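Let me begin by presenting the structure, written as structure tokens, before commenting on it.
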Amino acid sequence: MPEPPGSPLAARDRGLVWHPYAPLDGPEPYAVEGASGVRLSLRAPDGTRHEAVDAMASWWCAVHGYRNPALDSAAHEQLDRFSHVMFGGLTHEPAVSLAERLTAIAPGPMTHVFFADSGSVSVEVALKLSLQYQAARGRPGRQRFLTVRGGYHGDTFAAMSVCDPVDGMHSAFPGALARQVFAPRPPAARLITTPDCEQRWETDVLELQPWAAEVRSLAETHRDELAAVVVEPVLQGAGGMHVYPPECLRVLRDVADEHELLLVVDEIATGFGRTGRLFASEWADVAPDVMCIGKALTGGYLSLAAVLTTRHVGDAITRSQFRALLHGPTFMANPLACAVANASLELVEGSWKGDAPRVGRLLTEHLAPAGGLACVTDIRVLGAVGVVQLACPVDVGRVTRAALRRGVWVRPFRDLVYTMPPYVCTDDDVRLIADGIVGAVSEVHG
Ligand SMILES: *Cc1c(COP(=O)(O)O)cnc(C)c1O
């Protein structure tokens, strides 16, 4: 008997559960019936089934693909010991091992780790930490943050306050967000890929001077109010997939030093090799004071994030009135998540150096034909991230369907169709993704 049309699951979902930034009566979602390797088995709202390569790696997370044997067995082994215990007064091997690993690979000397349960919460903790640090140094009046326009740092209140004030959510919550200091968005980078597949930045330092001057003058004006500089290093993600020159990050480091501000880098999207360096801050040879990580930390298996900081900052907190960093989530350092993160880091360390440039080279080559389309204004690739920018907002529904017919799952936003493939994609998978994006954009937007 033929199956009735429509997906029963999607119909039950609609109007019942909210999806990210989507109305309750929005389009029906695709149902995931399975996920293995880099492929999702999807059931479309009209009932049709699709096998699609996940070009989004589940929003930067699933770098080793789905049902990865090493991650599966790390999860199973920890499940057979214990899944969760409180972290107050208790500790466990997965958390300590993970903290040791993270401090060993972090850019610059990082000596302390705070485990949080999501990226946004880690940003909250980093901001709180900055205020506590300044208070501990006798400057309790320093309670604001300097950041750049175009950023995205999460959806909780303090994190929202440092998101882009126009494209972020500021207009939805007037009066409820702390008022931060916004420098202009750093100018766009020009990247060239050398014949030996290294990516090189072509930066005209003169071009950066007006931007740097404005940052310096804002920091000067607000120096007694500012606790820290907060920024996504080199690649702004959800705020527009904007790539900017490493020199700008160095300027922010200098400005932070001049005014005794902490430099907080949000590596939640960029960490673990995605940009072609283990951490994007390394493109600028910048050692941050505070670093937030999340997303790919557990290879996409479980929600886990962390804040890393230096001995200098840790010591200041310990000597302060409260002595502790004033935060403590219920699911702090969840053992299952930490065990999977340890396994994921082992895979990352073995693979990112080869995979990120390989994926990037294939994306560069196979997204290039999009340059011939009238609707396309820019194509950029940094590490294993590929972006096609259009002259108009993407018709998300139609581009999604057109890509699915080509075997690719994408989730465009604004004027951007982009991909950050799982590192375990074969060359053919990456070609399929790039061809699928070019084909879908061409079909829908010509
Ligand atoms: C996704 C993201 C966050 C928020 O992380 P969640 O886990 O969604 O709370 C913060 N900063 C950056 C740069 C991100 O990409």
Side-chain angles (χ1 to χ4, degrees), residues 18-22 56-63 107 114-130 145 147-165 167-169 177 180 185-186 228-244 248-249 252 263-275 277 279-281 283 288 290-308 327 329-334 337-338 340-341 344 382-385 387 411 413-414 416 418-420:
W18 265 296
H19 287 259
Y21 298 103
M56 311 307 291
S58 275
W59 274 340
W60 312 86
C61 294
V63 289
F114 186 100
F115 289 112
D117 31 20
S118 76
S120 301
V121 172
S122 77
V123 170
E124 297 288 323
V125 171
L127 301 185
K128 198 184 257 190
L129 170 69
S130 304
F145 299 97
T147 185
V148 296
R149 289 179 182 266
Y152 175 77
H153 298 283
D155 293 353
T156 51
F157 273 85
M160 273 197 293
S161 77
V162 284
C163 289
D164 185 84
D167 291 325
M169 293 157 281
L177 297 185
Q180 313 299 7
R185 164 173 257 177
V229 175
V230 183
V231 70
E232 294 157 277
V234 174
L235 169 65
Q236 295 181 309
M241 304 299 291
H242 177 74
V243 182
Y244 68 85
C248 296
L249 191 60
L252 293 171
L263 177 65
V264 178
V265 295
D266 178 347
E267 294 254 14
I268 292 167
T270 50
F272 307 110
R274 180 54 75 181
T275 69
R277 289 291 179 270
F279 294 97
S281 306
W283 280 114
V290 182
M291 176 168 84
C292 295
I293 49 176
K295 289 206 161 97
L297 176 57
T298 65
Y301 270 49
L302 290 143
S303 181
L304 183 69
V307 182
L308 276 69
H327 212 91
T330 305
F331 282 92
M332 187 168 185
N334 172 257
C338 290
V340 176
S344 175
L382 173 67
V385 182
V387 183
R411 185 78 185 153
F413 73 107
R414 294 193 213 159
L416 303 165
Y418 67 113
T419 175
M420 49 292 199

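Bear in mind the structure is a predicted one, so any value in this text is a computation, not a measurement. Ligands are counted one by one from 1 in listed order, and the atoms in each one are counted from 1 as well.
For D155, the salt bridge (charged side-chain N to carboxylate O under 4.0 Å, His left out) criterion is met by no residue, not counting sequence neighbours.
Residues T147 and Q180 bring no donor and acceptor atom of their side chains to less than 3.5 Å of each other. Residues E267 and S281 bring a donor and an acceptor atom of their side chains to less than 3.5 Å of each other.
Protein residues are said to neighbour a ligand when one of their heavy atoms lies under 4.0 Å from it; for ligand 1 these are S118, G119, S120, Y152, H153, G154, E232, D266, I268, A269, K295.
Side chains of H153 and L127 form no contact here, defined as non-hydrogen atoms less than 4.5 Å apart.
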Test side-chain contact (heavy atoms from CB on, under 4.5 Å) on V385 and W60 and set out the steps.
-> CA-CA 10 Å; V385 182; W60 312 86; 4.0 Å; yes
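Residue R185 places its CZ atom among more than 12 non-hydrogen atoms of other residues, nucleotides or ligands, all under 6.0 Å distant.
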